[in-house]
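The analysis underlying the following values was restricted to heavy atoms, covering all of them including side chains, and did not include hydrogens, waters or symmetry mates.
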Amino acid sequence: MECVGDFSTAEEALEQLAGDYPDVMLVDINLPGMDGVEFVRRMAEASPETKLIMLTVHDDTDAIFHSLEAGASGYLLKPARAAELI
């Protein structure tokens, strides 16, 4: 496994990835600017083969539902151990 990027905002990720998408992305719901759900929606359209995993502190059904509806492949709660991420 190799980390190919670390971005502070969704906008930064979209700009810097620019078509060179990874196999898996970990996404937080609470991002400054565009939130994680909207980012997942855009990434799922741009790169359907990328697995988008929500990694967040939110443990409510609405957040889970909206994330999955937007195109997330899964949902993990922080703090997640390395073994869980893999």
Checklist outcome for this item: Correct closest heavy-atom pair for M54 and D28 would be SD-C, 4.4 Å
Checklist entry - Can you list the residues that meet the salt bridge (charged side-chain N to carboxylate O under 4.0 Å, His left out) rule with D23, with sequence neighbours excluded? => result none
Checklist entry - What residue pairs, at least two apart or across chains, pass salt bridge (Lys or Arg N to Asp or Glu O under 4.0 Å) with a residue in residues 2-18? => result none
Checklist entry - Among all residues two or more places apart in sequence or in another chain, which pass the side-chain contact (heavy atoms from CB on, under 4.5 Å) test with E38? => result M34, D35, R41, R42
In residues 62-77, what donor-acceptor pairs under 3.5 Å come from side-chain atoms, sequence neighbours left out?
from	atom 1	to	atom 2	distance (Å)
S67	OG	A63	O	2.8
Y75	OH	H58	O	2.4

Next on the checklist: Is there a side-chain contact between I53 and M25 in this structure, where contact means two heavy atoms from C-beta onward sitting under 4.5 Å apart?
Outcome noted: no
Checklist entry - Which atom names give the shortest non-hydrogen contact between L14 and M43, and what distance separates them? => result CD2-SD, 3.9 Å
Next on the checklist: Please enumerate all residues that pass side chain to side chain donor-acceptor pair (under 3.5 Å) together with E45, with sequence neighbours excluded.
Outcome noted: none
Checklist outcome for this item: Tightest non-hydrogen contact, residues S8 and L31, listed as O-CD2, 4.3 Å
Next on the checklist: Same cluster or not: I29 versus L55, using hydrophobic residues (I, L, V, M, F, W, Y) connected whenever any side-chain heavy atoms lie under 4.5 Å apart?
Outcome noted: no
Checklist entry - Which residues pass the side chain to side chain donor-acceptor pair (under 3.5 Å) test with T50, sequence neighbours left out? => result S47
Checklist entry - Any chain of hydrophobic side-chain contacts (each under 4.5 Å) joining L52 to Y21? => result yes
